[in-house]
2 protein chains.
Amino acid sequence: MLSTLTKWVLLMSPELERLKELSLAENLGRLHRLWRTAADAELIPLGLTHPRWTALWKLLRLGDNVSQKVLADALEIELPSLMRTLNQLEDQGYVQRRCCEKDKRARIVSLTPDGIEMLKQMESKIMLVRRNLLAGISQQQLNDFENIMSQISENALATLDKSSA
Amino acid sequence: MLSTLTKWVLLMSPELERLKELSLAENLGRLHRLWRTAADAELIPLGLTHPRWTALWKLLRLGDNVSQKVLADALEIELPSLMRTLNQLEDQGYVQRRCCEKDKRARIVSLTPDGIEMLKQMESKIMLVRRNLLAGISQQQLNDFENIMSQISENALATLDKSSA
DNA sequence: TATAACTAGTTAGCATGCTAAGTAAATAAC
DNA sequence: GTTATTTACTTAGCATGCTAACTAGTTATA
């Protein structure tokens with residue numbers, strides 16, 4: 001059996017160089033995890049887990065007072081995933097939920113004074129992490145980097161559209 | 001309470017432009033998820049979930065016949081996480097585990113003939129996804145992209161070392 | 001050699017993502 | 001206006017990551 005494998009590996013040896021390159025997707029995953037870990041290292045001491053602080057952060061950036069649906073879409077997670085996080089944040093006293101007057105199906109999420117206070121503490125930590133991680137990288141390099149990311153994203157979306165069609 | 005928030009947002013308005021930029025970490029996460037989704041779309045029809053096919057793929061690249069510990073490290077997951085996946089792959093008949101002669105604590109994982117057959121099917125699919133996602137991106141751009149990723153990774157590792165020390 | 005410290009594997013149980021299915025409200029179709 | 005469809009939320013339960021704690025085997029130390 002081992003010899004079968006060996007034979008196959010030898011057979012596809014012209015591909016081997018490209019096989020080595022295939023780590024790009026893995027590197028992407030690793031980098032994302034590293035960034036998240038670095039941010040968590042600063043923010044977990046404040047009593048917030050990753051899903052909680054990202055939800056608070058996003059809520060601020062959305063301008064507060066948005067429906068759970070809007071928040072979930074912005075975080076790119078599903079509503080049931082957000083539910084649990086919002087329950088926790090509500091228990092911690094950082095957010096409130098109330099019924100929407102205009103659409104009685106919806107519930108509006110807003111920051112409490114404690115939540116705003118927590119965000120102030122978070123803000124400097126998050127900026128610090130960003131500065132640390134982007135040290136030594138020029139604005140031009142950053143722009144190029146983001147452009148490549150955009151292009152790969154577009155390719156991925158196009159591929160997914162095509163395969164689902 | 002809303003006015004408190006408004007005041008604070010106004011107060012930190014010099015930061016607002018930088019706040020908008022903060023999406024880089026999120027874009028990284030989104031891109032990783034997209035890549036994974038595109039790959040899964042090709043591979044799940046073969047009966048393999050994401051953790052399973054990545055484990056098989058990594059096992060091949062490690063040259064087969066490695067300990068669970070080595071495989072877990074290479075996949076950058078913990079042993080208990082790998083355990084479950086290997087149990088599934090063993091149930092599916094794609095891998096085997098046997099005791100290591102030299103170190104009786106360890107168990108060696110190897111591909112079965114069925115596993116090798118499955119990998120052959122996987123290989124073309126994975127290449128296809130890569131080609132699709134990197135369409136229109138030059139080798140030079142790709143090199144630059146990977147260099148920036150490396151630099152951010154190094155910065156992150158340095159930051160984490162410093163904070164844990 | 002005998003004991004201490006470490007390492008590989010395992011099991012158990014938590015956290016957070018998901019999909020599926022159900023309810024209530026809003027909107028579209030007739 | 002009534003009915004059908006869609007939408008927002010919720011609950012329930014699965015998948016996969018993790019840490020903690022345990023066992024068995026190895027290595028280092030006295």
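All values below were derived from every heavy atom in this structure, side-chain atoms included, with hydrogens, water molecules and symmetry-related copies excluded. Letters go in sequence order (proteins before strands), and every chain restarts at 1.
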Grab the NZ-C1' distance between A/K102 and D/dA8 for me, whole Å please.
17 Å

With sequence neighbours left out, write down each residue that passes side-chain contact (heavy atoms from CB on, under 4.5 Å) with A/T49, or none if nothing qualifies.
A/P51, A/R52

DNA chain D-proximal residues of residues 88-95 of chain A, any heavy atom under 4.0 Å
none

Only counting residues at least two apart or in another chain, list the ones meeting salt bridge (Lys or Arg N to Asp or Glu O under 4.0 Å) with B/E76.
A/R30

List for me each residue that meets side-chain contact (heavy atoms from CB on, under 4.5 Å) alongside B/A135, sequence neighbours excluded, and say none if there are none.
A/N155

Check the interface with nucleotides 18-23 of chain C: list each N/O to N/O pair with the protein under 3.5 Å, or write none.
unit_1 : atom_1 : unit_2 : atom_2 : d
C/dC18 : OP2    : A/E78  : N      : 3.0
C/dC18 : OP2    : A/S81  : OG     : 2.3

Go through the structure and list residues passing ring pair (Phe, Tyr, Trp, His ring centres under 6.0 Å) with A/F145, not counting sequence neighbours.
B/F145

Is any side-chain nitrogen or oxygen of A/T49 closer than 4.0 Å to OP1 or OP2 of C/dT16?
yes

Partner of A/H50 under side chain to side chain donor-acceptor pair (under 3.5 Å), chosen from A/T37, A/D40, A/T85
A/D40

List for me each residue that meets side chain to side chain donor-acceptor pair (under 3.5 Å) alongside B/D144, sequence neighbours excluded, and say none if there are none.
B/Q140

Closest nucleotide of DNA chain C for A/H50 versus for B/I108: which of these residues is on the 5' side?
B/I108

Quick one: side-chain contact (heavy atoms from CB on, under 4.5 Å) partners of A/I137, sequence neighbours excluded?
A/L134, A/Q141, A/L142, B/I148, B/Q151, B/I152

On DNA chain C, nearest-nucleotide positions of A/T85 versus B/N87: which is more 5'?
B/N87

Check the interface with nucleotides 23-25 of chain D: list each N/O to N/O pair with the protein under 3.5 Å, or write none.
unit_1 : atom_1 : unit_2 : atom_2 : d
D/dG25 : N2     : B/R105 : NH1    : 3.1

How many Å lie between CE on B/M83 and C1' on D/dG17, as a whole number?
15 Å

Once salt bridge (Lys or Arg N to Asp or Glu O under 4.0 Å) is applied, do any residues pair with B/D103, and if so which ones, sequence neighbours excluded?
B/R105

Looking at residues at least two apart in the chain, or sitting in another chain, which of them share a salt bridge (Lys or Arg N to Asp or Glu O under 4.0 Å) with A/E90?
A/R97

Tell me, please, which residues at least two apart from A/D73 pass salt bridge (Lys or Arg N to Asp or Glu O under 4.0 Å).
A/K69

